[in-house]
There are 2 protein chains.
Amino acid sequence: MLILVPKHELFNPVSSKKSLINYVNNFVELSSEETHQLESSFEEVKVKKRQFIVQPGFTNMHRAFVVKGAFRAYIITNDGQEHTLQFAIENWWISDFNSYIYQHPATLFIVALEDSTILQIEYNQEQELKKSNHKFETFFRIMAEKGLAFEHRRILFNLTNSAEARYENFLLNFPNFVNRVPQYALASYLGMTTEFLSRIRNKRIKKS
Amino acid sequence: MLILVPKHELFNPVSSKKSLINYVNNFVELSSEETHQLESSFEEVKVKKRQFIVQPGFTNMHRAFVVKGAFRAYIITNDGQEHTLQFAIENWWISDFNSYIYQHPATLFIVALEDSTILQIEYNQEQELKKSNHKFETFFRIMAEKGLAFEHRRILFNLTNSAEARYENFLLNFPNFVNRVPQYALASYLGMTTEFLSRIRNKRIKKS
DNA sequence: TTTTTTTCTTGACCTACTTCATTTTTATTG
DNA sequence: CAATAAAAATGAAGTAGGTCAAGAAAAAAA
């Protein structure tokens with residue numbers, strides 16, 4: 001039997017928080033009390049396409065979990081060029097990590113690439129959670145370790161591969177991202193120009 | 001009053017472990033019992049120049065803290081080229097982090113650049129420490145977060161700067177490393193050839 | 001649906017960095 | 001302290017990828 005749900009309830013706080021709890025439970029086992037504690041530490045926020053959740057000069061006060069939608073974290077250099085550090089879609093975390101953990105002004109822009117829903121926790125609340133319960137400390141430790149391991153793989157891959165190989169690798173590892181991020185943003189993530197990525201893509205199409 | 005100490009005692013287990021305890025105390029405050037617990041979890045190992053502590057194909061069983069000396073972590077690609085992921089000198093940690101945290105076979109070589117002394121903890125012992133005491137969990141969480149923040153800065157810097165600027169930046173940020181790592185290794189860390197780094201250096205000398 | 005803005009494509013030319021081969025310098029070993 | 005090996009320097013030629021400019025396509029706004 002099919003139940004019709006009004007559109008605005010599809011990502012209401014209750015269901016969106018389920019996806020976070022589900023995620024966290026992959027790494028630590030939460031009791032019902034801990035589940036409640038975690039849920040009440042996060043706030044649901046809707047973000048429209050092209051809206052910024054982090055901007056240079058302002059300290060990044062929140063760590064965000066993407067429930068729905070897509071984001072991009074990037075820097076703009078003096079000469080006006082954009083360079084992408086990170087993308088995030090459903091079930092990924094995003095922040096200006098240097099700004100967040102050191103509580104310094106951000107250097108990154110973080111912008112929504114689609115209308116999105118995030119769950120965000122405030123810096124002080126996160127400190128509270130970690131201090132009050134070993135399990136939450138463990139969770140954030142695992143997140144940081146996985147993040148670090150990921151960036152090690154990325155750095156090595158970037159050092160050892162050509163622009164074309166980097167693109168091929170991205171396609172292979174993140175097929176879900178490719179059609180949701182603009183080409184110029186992907187190019188700047190992979191360390192090449194949008195023109196050059198365009199040529200790589202067209203060469204591929206002609207081959208197949 | 002000056003006390004003369006036989007050379008072989010300068011880095012005996014007691015004093016080398018002090019440097020680790022000192023380091024850890026920068027991030028969490030250890031009781032004397034916790035200090036003892038931490039000390040007894042680490043083993044001192046002397047490593048001769050050119051000796052490997054991690055090799056591809058073998059799982060990296062230890063996390064190492066450098067008490068004295070210098071190390072280099074690098075990969076060798078199919079075409080024989082070396083690419084450096086990390087250096088470590090006194091008070092830095094080194095491991096094939098992906099191999100260590102996932103307990104998978106390593107892809108990196110880690111080699112001593114000088115006769116060195118490390119303190120190493122075994123994977124299972126580290127898990128024990130973290131499980132048994134919230135404070136140790138916190139410590140390793142902070143290590144991972146700082147590592148991740150560092151690599152974010154590195155990736156952004158690499159994306160946004162020329163070979164020459166990357167070298168200048170390394171000089172500025174890590175003056176202690178420069179004279180202790182071979183040029184070809186530094187070049188491969190910075191993502192350029194040793195020939196090109198040689199030219200950059202000579203251009204600098206002529207300028208000044 | 002039309003207009004406007006943003007993104008992508010394509011061609012022509014350019015340059016930062018690589019490759020290869022040889023010599024010089026520095027470090028290691030017997 | 002020779003002899004040998006490893007690392008660094010240097011020149012000449014090559015190329016992966018960048019820049020710039022203009023048009024085409026797609027998306028957003030009106």
Side-chain angles (χ1 to χ4, degrees), chain A residues 48-51 69-70 72 74 76-84 87 109 111-116 157-170 177-207, chain B residues 48-51 69-70 72 74 76-84 87 109 111-115 157-171 177-207:
Chain A
K48 282 268 169 211
K49 184 167 178 173
R50 278 166 230 272
Q51 191 182 323
R72 168 181 173 233
Y74 64 99
I76 301 188
T77 52
N78 293 331
D79 61 338
Q81 279 190 302
E82 295 185 6
H83 297 271
T84 301
F87 295 114
F109 294 89
V111 71
L113 296 172
E114 307 169 358
D115 289 352
S116 303
F157 200 86
N158 286 348
L159 282 175
T160 56
N161 289 87
S162 68
E164 187 166 359
R166 297 198 302 274
Y167 174 65
E168 293 288 347
N169 183 253
F170 188 89
F177 282 73
V178 176
N179 301 313
R180 294 174 69 179
V181 306
Q183 179 183 73
Y184 68 89
L186 178 53
S188 79
Y189 177 87
L190 295 172
M192 66 187 86
T193 59
T194 184
E195 292 96 328
F196 196 67
L197 181 51
S198 170
R199 282 178 237 264
I200 288 172
R201 280 178 154 168
N202 287 359
K203 204 171 69 181
R204 276 173 53 84
I205 290 162
K206 275 164 202 159
K207 266 187 196 162
Chain B
K48 283 266 169 211
K49 184 168 179 173
R50 277 167 232 273
Q51 192 181 322
R72 168 181 173 233
Y74 64 98
I76 301 188
T77 53
N78 294 332
D79 61 338
Q81 279 190 305
E82 295 184 7
H83 296 271
T84 301
F87 295 113
F109 294 88
V111 71
L113 297 172
E114 308 170 358
D115 290 353
F157 200 86
N158 285 348
L159 282 175
T160 55
N161 290 86
S162 69
E164 187 166 358
R166 297 198 302 274
Y167 173 64
E168 294 287 349
N169 183 253
F170 189 88
L171 276 190
F177 281 73
V178 176
N179 300 314
R180 294 173 70 179
V181 307
Q183 175 181 288
Y184 68 89
L186 178 53
S188 79
Y189 176 87
L190 296 172
M192 66 187 85
T193 59
T194 184
E195 292 96 327
F196 197 67
L197 180 51
S198 169
R199 284 176 238 262
I200 289 172
R201 280 177 153 170
N202 288 358
K203 204 172 68 182
R204 276 173 52 85
I205 291 164
K206 276 165 203 160
K207 265 188 200 164

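Quick caveat, the model's predicted, so the values are computed rather than measured.
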Legend entry - From CZ (Arg199(B)) to CD (Glu164(B)), nearest 0.5 Å: 13.5 Å
Inset, instruction - Nearest 0.5 Å please: distance from the CZ atom of Arg166(A) over to the CD atom of Glu168(A). - result: 12.5 Å
Under-3.5 Å N/O pairs linking protein and nucleotides 15-20 of chain D:
residue : atom : partner   : partner atom : Å
dG17(D) : OP1  : Ala163(A) : N            : 3.0
dG18(D) : OP2  : Thr193(A) : N            : 3.3
dG18(D) : OP2  : Thr193(A) : OG1          : 3.3
dT19(D) : O4   : Arg199(A) : NH2          : 3.2

Legend entry - Distance test, side-chain N/O of Gln183(B) to OP1/OP2 of dA9(D), below 4.0 Å: yes
Spacing between [X] atom [atom1] and [N] atom [atom2], to the nearest angstrom:
| X | N | atom1 | atom2 | result |
| --- | --- | --- | --- | --- |
| Ile200(B) | dT18(C) | CD1 | C1' | 13 Å |
| Tyr184(A) | dA27(D) | OH | P | 13 Å |
| Leu113(A) | dT6(C) | CG | P | 15 Å |
| Leu190(B) | dC17(C) | CG | P | 12 Å |

Inset, instruction - Using side chain to side chain contact (heavy atoms under 4.5 Å, CB included) as the criterion, point out the one residue from Thr194(B), Thr193(B), Thr84(B), Leu197(B) that pairs with Tyr184(B). - result: Thr194(B)
Inset, instruction - Look at atom CG of Asn78(B) and say whether more than 12 heavy atoms of other residues, nucleotides or ligands are closer to it than 6.0 Å. - result: no
Legend entry - Qualifying salt bridge (Lys or Arg N to Asp or Glu O under 4.0 Å) pairs, either residue in residues 178-196 of chain A, two or more places apart: Glu90(A)-Arg180(A), Glu114(A)-Arg180(A)
Legend entry - Any side-chain donor near an acceptor of the partner, Tyr167(A) and Arg201(A), under 3.5 Å: yes
Quick test: give all pairs of protein nitrogen or oxygen and nucleotides 28-30 of chain C nitrogen or oxygen below 3.5 Å, distance rounded to 0.1 Å.
residue : atom : partner  : partner atom : Å
dT28(C) : OP1  : Lys49(B) : NZ           : 2.4

